[in-house]
Amino acid sequence: ELLRWLGDEVGNPSSTHAAGRALRTAVEEARERVAGALGAHPQDVVFTSGGTEADNLAVKGLVWAGMERGRRHVVTSAVEHPAVLEPAQWIAAHEGLELTVVPVGRDGRVDVEEVLGAVRDDTALVSVMAANNELGAVNDVATIGAALRERDVPFHTDAVQAFATQGVDVAAWQVDALALSAHKFGGPAGVGVAYLRRGVPVVPVTHGGGQDRGVRSGTFAAALDAACGVAVEEATGGRAELRDRLVALGDRLAGGLLAIDGVRRNGPEDPRWRLPSHVHVSIDGVDGEALTFALDQAGLCVSAGAACGAGAQKASPVLAATGIDGDAAIRLSLGWTSTDEDVDRGIAIVAETVAKLRAVGGGAVR
Ligand code: PLP
């Protein structure tokens, strides 16, 4: 789909001539596909350049709209992706608002009562992620959403990590805004979705030609939007099968890693509250940096902290918020192409690498 609309079809999707109309049709079909998968109305769907832009639009757009109603308080959680935490901190500092950052438990989940307890009459927005990118911790967004709707407090959730395996139902979750990123469910990087419930006031972040309800101006990226639409539909159709496969692979991976001496699993214990794609472990007796370097050399790509930064390995604020020692803590993630053989090879590489590093006192080069 991407190549089709990047190739011979040229035109501006907002032009009224035939070339433009063909591209516009592709965008609108994609919008309908996304809306169908979310349980939303097509007009609630705004295409963005990815999860980061969708989160920024939701956070800033809803907070500014709330300020127009005299609201001056924002609530978020300590383990949000920087795409939420940074705009929340920025707007609070820039506009002189109060920001409450709700802590998380050792498993990386928020306590629903703590989130709701932080809400005030002048709360402009609550933003709590559906699933965490490092620990794979899944939050009870439906319970938070129901309580906030009752209190007329706008609710945004970052569902970037949740969509592929958990699915999203905007009606059941009672969210007013939600962010998705296509590269997390099989689409290309550089396109995402902001679900913005019609009727909920949102101030645009990008002003210009007035495309997409005037909320997000700019020429539609027809090829990316169309590819995102197809990816959403395929991810939705294949979700149950993918989940089953990843649960089995994740159990195999965790079982193999936990059989290594001094390895502990992090994140929620209850499989209902964790993504099947994420296995996060802490390993005793090895240096974290030496470990990720040696694993990479051995052909195993793991993450320590978020990959979204500048490529440098930084201490993970997510782990700091949970109280887990972030030094030798790594995330292994599974995807569509992962096989039993990959998992077994991964376990063997970790076991060998850990043994080698422990033999030299942990492997720290300082
Ligand atoms: N939110 C979460 C939870 C993520 O994991 C990511 C990316 O990894 C983003 C937002 C940002 O999405 P994008 O890379 O499409 O900007």
Side-chain angles (χ1 to χ4, degrees), residues 2 30 34 38 45-61 76-90 101 104 108-110 125 127-139 141 155-168 173 175 177-196 205-206 216 218 221 224-225 227-229 231-232 235 267-268 273-280 301-314 316-319 321-322 331-335:
L2 184 66
V34 174
L38 302 183
V45 173
V46 172
F47 285 110
T48 66
S49 61
T52 301
E53 189 193 334
D55 279 328
N56 270 264
L57 173 55
V59 171
K60 294 175 189 160
T76 191
S77 90
V79 294
E80 295 299 310
H81 190 274
V84 167
L85 210 45
E86 292 285 330
Q89 285 167 342
W90 176 83
V101 179
V104 294
R109 300 183 65 225
V110 292
L125 177 70
S127 182
V128 171
M129 71 200 317
N132 178 261
N133 42 304
E134 288 184 45
L135 289 165
V138 172
N139 284 315
V141 284
F155 180 37
H156 165 249
T157 191
D158 176 332
V160 166
Q161 292 283 336
F163 184 77
T165 55
Q166 306 300 108
V168 165
W173 291 5
V175 287
L178 177 144
L180 296 181
S181 173
H183 69 93
K184 293 291 193 278
F185 51 83
V191 58
V193 168
Y195 161 81
L196 297 166
V205 171
T206 313
R216 199 262 189 178
L224 288 166
D225 298 351
C228 177
V232 159
W273 299 116
R274 87 180 166 223
L275 296 177
S277 46
H278 288 48
V279 177
H280 197 290
C301 307
V302 303
S303 307
C308 313
Q313 191 167 312
K314 287 187 285 183
S316 156
V318 171
L319 293 189
T322 62
R331 180 191 74 184
L332 295 102
S333 35
L334 301 157

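Order of listing sets the numbers, starting from 1, for every ligand and every atom in it.
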[X] neighbourhood, listing ligand 1 atoms whose heavy-atom distance to it stays under 4.0 Å:
{"X": "D55", "value": "1 (N), 10 (C)"}
{"X": "H183", "value": "13 (P), 14 (O), 15 (O)"}
{"X": "G50", "value": "15 (O)"}
{"X": "T52", "value": "11 (C), 12 (O), 13 (P), 16 (O)"}
{"X": "Q161", "value": "3 (C), 5 (O)"}

Chi angles and distances behind the side chain to side chain contact (heavy atoms under 4.5 Å, CB included) call for V104, R109: CA-CA 5 Å; V104 294; R109 300 183 65 225; over 6 Å; no
Minimum non-hydrogen distance to atom 9 (C) of ligand 1, winning option of E80, K184, E53, H81: H81
Any donor-acceptor N or O pair under 3.5 Å, side chains T206, R216: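 No, no side-chain donor-acceptor pair sits under 3.5 Å.
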N132 and H278: side chain donor to acceptor below 3.5 Å: no
Shortest non-hydrogen contact from Y195 toward V175: CE2-O, 3.6 Å
Residue pair V110 / S77: nearest heavy atoms and the distance that separates them: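 V110 and S77 have their closest heavy atoms at CG1-CB, 3.5 Å.
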Side chain to side chain contact (heavy atoms under 4.5 Å, CB included) assessment of V34 paired with F47: CA-CA 10 Å; V34 174; F47 285 110; 4.1 Å; yes
N133 and ligand 1 - part of the residue with a heavy-atom distance under 4.0 Å: side chain
Geometric N/O contact G51 with ligand 1, under 3.5 angstrom: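 Yes - when backbone and side-chain N and O of G51 are compared with those of ligand 1, one distance drops under 3.5 Å.
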